[in-house]
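Let me begin by presenting the structure, written as C-alpha cells, before commenting on it.
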Amino acid sequence: MTKNELLTNIETRLKTIYGDEYKEEYLSSFTELVENWSSQSFEKTAPVSEENVYLITYGDSIYEEGKPTLESLRSFLNEKVKDTVTDVHLLPMFPYTSDDGFSVVDYRQVDQKLGDWENIEELSKDYRLMFDFVANHISKSSEWFQGYLNGDEKYQHYFIPKDETFDASEVVRPRTSPLHHEYEGKDSVKTAWTTFSEDQVDVNFRHFPVLVEMTEILLEYASKGGTSIRLDAIGFIWKESGTTSIHLPQAHEIIKLWRDVVDFFKPNTQIITETNVPHKENISYFGDGTDEAHMVYQFSLPPLVLYSLTTHDGEKLREWAKTIDTVSDTATYFNFLASHDGIGMRPTEGILTEDEKQMLVEKVKENGGRVSYKANSDGSQSVYELNINYSEALVNKGEDVTEEMEVAKMLAAHSILLSFVGVPAIYYHSLLGSKNYEAGVEESGINRRINREKLELDSVLGELEADSRRKGIFEGLQNMISIRQKESAFSPYAGQEVLELGENLFGLKRKNADTGEEITFVVNLDSRNVEAALPGTGTDLVTGKEMSGTVELEPYQFVWIK
C-alpha cells in the first residue's frame with residue numbers, strides 16, 4: 001500500500017464514521033499524522049505461523065520483592081518457557097485505579113511497580129509482545145477526565161454526558177451498574193457514560209480529536225515493541241440513540257482504519273478484537289476477512305470445551321466447529337480456554353439451552369467458583385460469565401477422582417485448543433497448573449480474582465518441581481506445544497475438517513494446502529476407555545506408536561496422527 005492509497009482509505013473511513021459531520025480538516029489531521037510517523041522506524045515482524053503460541057499474563061503475575069516485576073517475569077519466562085512460548089500478552093501494564101488494570105490512568109506510561117519502557121524493550125528482545133489497548137474507557141482519575149471535570153477546554157468533549165433526549169432503552173451492557181454516573185466538577189456536577197463501572201468512563205469517539213489521539217497511541221504501541229494489539233471491549237466504542245450501542249458500523253470502521261494504518265507502518269502486526277458476545281456478532285469483526293481484525297477472540301471455545309468434557313458428549317462442540325474454518329491468508333482465530341476474565345457464557349447463546357447453561361453454573365458453584373451476571377434491557381439478569389480456574393472447572397466431582405485424571409483432563413482440553421484452526425493462547429494459571437484463588441475473592445469481593453493470583457518467583461519455580469499436579473500440567477503442555485510447533489498442518493491458516501467419530505469423541509483433520517501435510521486429531525472426552533475408529537493410518541506424534549483401524553483411547557487421551 002502506498003502512502004496515497006493509505007490516505008485514500010483513511011478518507012473513505014472517516015466519511016463513513018462521521019457521515020454528515022465529516023469535515024475536510026479531518027483528513028488534513030490524519031495526513032499530518034501519517035507524515036509525522038513516516039519518519040519513524042518500526043521493527044519488522046514476521047507473520048504468525050504454527051510456531052506462535054501466546055502466553056496471557058499480567059506484567060506482575062510473577063514477582064520478587066524489591067524488583068520491577070517485568071524483570072521477574074522475564075527471568076521466569078527465560079528459565080522455563082523460552083523454547084515454547086513465542087508471544088507474551090501483557091494485560092494492561094499502565095497505571096490504573098481499579099479492575100486489575102482495566103481502568104487506565106495514563107495510556108502512555110508503564111506502571112512503576114512493573115518497571116518502565118526499558119523493561120518492555122528488554123522483554124521484546126526475547127518475545128513478541130501483545131499490548132492491551134483499553135480504548136473504550138479510561139479511569140476517572142486520568143488527566144483526561146479530571147480535565148473534563150475541571151473545565152479544561154481540550155477535554156470538554158472527550159466524554160459523553162447524560163442526554164435526556166438519548167434513547168438508551170436498547171443499550172447492551174455486560175454489567176448491572178448504572179449506565180451513567182455523576183461526578184463533582186469544578187463548577188458543577190457532571191455526568192458521564194460508564195459501560196463498565198463508575199471508575200471506568202467511556203471515551204467519546206464521536207469527538208474527532210479523540211480518534212486522532214487514540215490512533216497516535218496505537219502507533220506508539222507498535223513502535224515500542226507491540227507486535228499484537230488487543231482492542232479491549234472494542235464493540236462499545238460508538239453510541240447511537242435508539243440502538244444497542246454495540247457493534248455499530250462506526251466501531252467496525254474505526255477498527256478498519258486502524259488496520260490500514262498498522263498494515264502500512266508495521267506489516268504483520270496483529271490487530272486482535274475482544275468482544276465477549278454471541279459467536280455471529282464476534283466474527284463480524286473479521287470484516288471481509290482482509291480489512292478488519294487480523295484475529296478475533298474465539299469466545300465460544302472455552303464454554304463448549306468445558307461442556308463437552310463435563311458431559312462426555314462432543315455433539316455441541318462438533319456442530320459449532322463445523323461453522324469454523326479458515327478466514328483468509330491474513331486473518332484467523334485467537335483461541336483460548338482461560339483468561340484473566342471468567343468463562344463467558346454469552347457466546348453460548350443459540351448453542352447451549354438454558355438448562356445446559358444452568359448445569360455448568362451449578363457445577364462451577366460446586367467446584368468453588370463464582371457466577372457473574374449482566375443486566376438485560378427488560379430489567380432482568382442473566383449469566384454473563386463463570387469465574388473459576390479452568391482446571392478446577394473441568395473436574396467432575398465423584399468421577400475425576402485422582403490427580404492423574406485431573407491432569408489428563410486439563411491436557412485433553414488443551415489438545416482441542418492446540419488442534420483448532422487459529423493461534424493458541426494459554427493463560428499463565430493454566431500453564432502453571434494453578435487452582436482457585438479463594439483468598440483473592442474473599443479479600444476483594446471481586447469474583448474474577450479467583451483466577452488472578454500473583455506468584456512469587458522462587459516459590460513457583462519450586463512448586464513446578466515439587467507439586468506433582470503443577471508439574472504434570474506444565475510439562476504436559478510444554479511437550480504438546482513442542483510437538484505442535486513443528487507441524488505445518490497446524491498453521492493458523494491451514495484448513496480444518498470436523499470428523500464424525502461418535503458421541504464421546506471429538507476429532508479434526510487439519511491440512512495445509514501449501515505443504516500437503518495433514519494431521520488427524522482425536523480426543524477421548526470420556527473418563528473411561530473408548531474405542532475410536534480412525535479415518536486413516538499413521539504415527540501418533542504424542543506416543544510415537546503406529547495407529548490404524550480401531551484403537552482404544554484411555555480416559556481423556558488424545559492422538560495427533562500423521
Side-chain angles (χ1 to χ4, degrees), residues 56 276 299-314 316-317 336-348 352-373 382-417 426-453 455 463 467-474 476-477 504 523-528 555-556:
I56 305 170
N276 189 357
F299 273 106
S300 297
L301 194 62
L304 291 179
V305 169
L306 173 61
Y307 178 84
S308 301
L309 283 163
T310 295
T311 61
H312 310 313
D313 185 346
K316 296 283 187 176
L317 178 62
F336 71 106
L337 294 180
S339 74
H340 60 291
D341 290 340
I343 302 166
M345 293 301 287
R346 285 210 68 206
T348 66
L352 298 182
T353 67
E354 292 304 313
D355 287 345
E356 288 164 343
K357 291 181 204 174
Q358 190 59 33
M359 180 272 293
L360 291 180
V361 167
E362 296 305 322
K363 179 188 179 183
V364 162
K365 288 180 178 177
E366 183 183 6
N367 289 9
R370 307 292 194 275
V371 180
S372 296
Y373 295 85
S382 56
V383 175
Y384 180 67
E385 66 181 17
L386 310 176
N387 302 110
I388 189 169
N389 176 280
Y390 204 82
S391 69
E392 298 252 59
L394 288 169
V395 174
N396 286 2
K397 299 280 189 183
E399 183 180 23
D400 302 319
V401 292
T402 66
E403 183 180 279
E404 290 74 18
M405 290 188 78
E406 288 189 22
V407 170
K409 200 169 191 180
M410 186 64 164
L411 297 182
H414 282 79
S415 74
I416 300 172
L417 171 74
I426 300 177
Y427 188 51
Y428 76 105
H429 278 307
S430 294
L431 182 66
L432 298 176
S434 300
K435 289 192 168 186
N436 290 336
Y437 180 41
E438 294 281 355
V441 180
E442 298 302 326
E443 290 166 7
S444 67
I446 299 170
N447 288 347
R448 287 175 167 177
R449 288 275 174 88
I450 201 165
N451 203 25
R452 294 180 177 180
E453 184 178 5
L455 304 170
E463 288 172 16
D467 184 317
S468 56
R469 187 178 186 275
R470 275 202 194 276
K471 183 181 177 73
I473 292 173
F474 179 77
L477 286 174
N504 41 16
V523 61
N524 179 8
L525 301 170
D526 214 320
S527 59
R528 59 186 176 84
Y556 307 128

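Just so it is clear, the values below take in all heavy atoms, side chains as well, and ignore hydrogens, waters and symmetry mates. We number each residue from 1, following the sequence as shown.
A donor-acceptor pair under 3.5 Å is absent between the side-chain atoms of Arg449 and the main chain of Tyr437, judged by distance alone. A donor-acceptor pair is defined here as one N or O able to donate and one able to accept, closer than 3.5 Å; such a pair exists between the side chain of Ser391 and the backbone of Ser434. A donor-acceptor pair is defined here as one N or O able to donate and one able to accept, closer than 3.5 Å; such a pair exists between the side chain of Tyr427 and the backbone of Asn451. Although no hydrogens or angles enter the test, the distance criterion places a donor-acceptor pair under 3.5 Å between the side chain of Asn367 and the main chain of Val395. In terms of modelled atom types and a separation under 3.5 Å, the side chain of Arg346 and the main chain of Asn276 share no donor-acceptor contact. Proximity of a side-chain donor or acceptor of Ser527 to a complementary backbone N or O of Asp400 within less than 3.5 Å is not detected. With Lys409 contributing its side chain and Leu394 its backbone, the two residues share a donor-acceptor pair below 3.5 Å.
In this structure, the separation between OH on Tyr428 and CD1 on Ile56 is 11.5 Å, given to the nearest 0.5 Å. Taken from CG in Leu309 to CG in Leu304, the straight-line distance is 11.0 Å, to the nearest 0.5 Å. Separation of atoms CG (Leu306) and NZ (Lys363) is listed at 5.5 Å; rounding is to 0.5 Å. Taken from CG in Leu411 to CD1 in Ile473, the straight-line distance is 6.5 Å, to the nearest 0.5 Å. Taking CG of Leu477 as the reference point, atom CE of Met410 lies at 6.5 Å (rounded to 0.5 Å).
Counting heavy atoms from C-beta outward, Val371 and Leu386 have side chains that approach closer than 4.5 Å. Between Asp467 and Leu432 there is no side-chain heavy-atom pair separated by less than 4.5 Å. Between Leu455 and Glu463 the shortest side-chain heavy-atom distance does not fall below 4.5 Å. You'll find the side chain of Leu301 reaches within 4.5 Å of the side chain of Leu417, heavy atoms only. Considering only heavy atoms from C-beta on, Met345 comes within 4.5 Å of Leu360 through its side chain.
Between the side chains of Asp341 and Ser339, not a single donor N or O lies within less than 3.5 Å of an accepting N or O. With no hydrogens or angles considered, a side-chain donor-acceptor pair links Ser468 and Glu403 at under 3.5 Å. Gln358 and Glu354 form no side-chain donor-acceptor contact under 3.5 Å, judged by distance and modelled atom types alone. In summary, the side chains of Asn436 and Asn389 do not present any donor paired with an acceptor at a separation below 3.5 Å, with no hydrogens or angles considered.
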TODO: Would you check, one step at a time, whether the test salt bridge (charged side-chain N to carboxylate O under 4.0 Å, His left out) holds for Arg469 with Glu406?
DONE: CA-CA 8 Å; Arg469 187 178 186 275; Glu406 288 189 22; 3.0 Å; yes
Open item on the list: Could you walk me through whether Glu438 and Arg370 satisfy the salt bridge (charged side-chain N to carboxylate O under 4.0 Å, His left out) test, starting with their C-alpha distance in whole Å, then the side-chain angles of each, then the deciding distance to 0.1 Å, before giving a yes or no?
Closed with: CA-CA 10 Å; Glu438 294 281 355; Arg370 307 292 194 275; 3.2 Å; yes
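What you find for Glu453 and His429 is that their closest heavy atoms are O-NE2, 2.8 Å. The shortest non-hydrogen separation linking Ala408 to Pro555 is CB-O, 4.3 Å. The two atoms that bring Leu317 and Ser308 nearest to each other are CB-OG, 3.3 Å, heavy atoms only. Annotation for Ser372 and Asn447: closest pair OG-ND2, 3.3 Å, computed over non-hydrogen atoms. Smallest separation of non-hydrogen atoms from Ala413 and Leu337: O-CD1, 3.5 Å. The two atoms that bring His414 and Ser430 nearest to each other are NE2-CB, 3.9 Å, heavy atoms only.
Between Phe336 and Phe299, the two ring planes are perpendicular [angle over 60°; tilted spans 30° to 60°].
When the options Glu404, His312, Arg528 are evaluated for a side-chain contact (heavy atoms from CB on, under 4.5 Å) with Tyr556, the one that passes is His312. The only option from Val364, Thr310, Thr353, Leu352 that meets the side-chain contact (heavy atoms from CB on, under 4.5 Å) definition with Met359 turns out to be Thr310.
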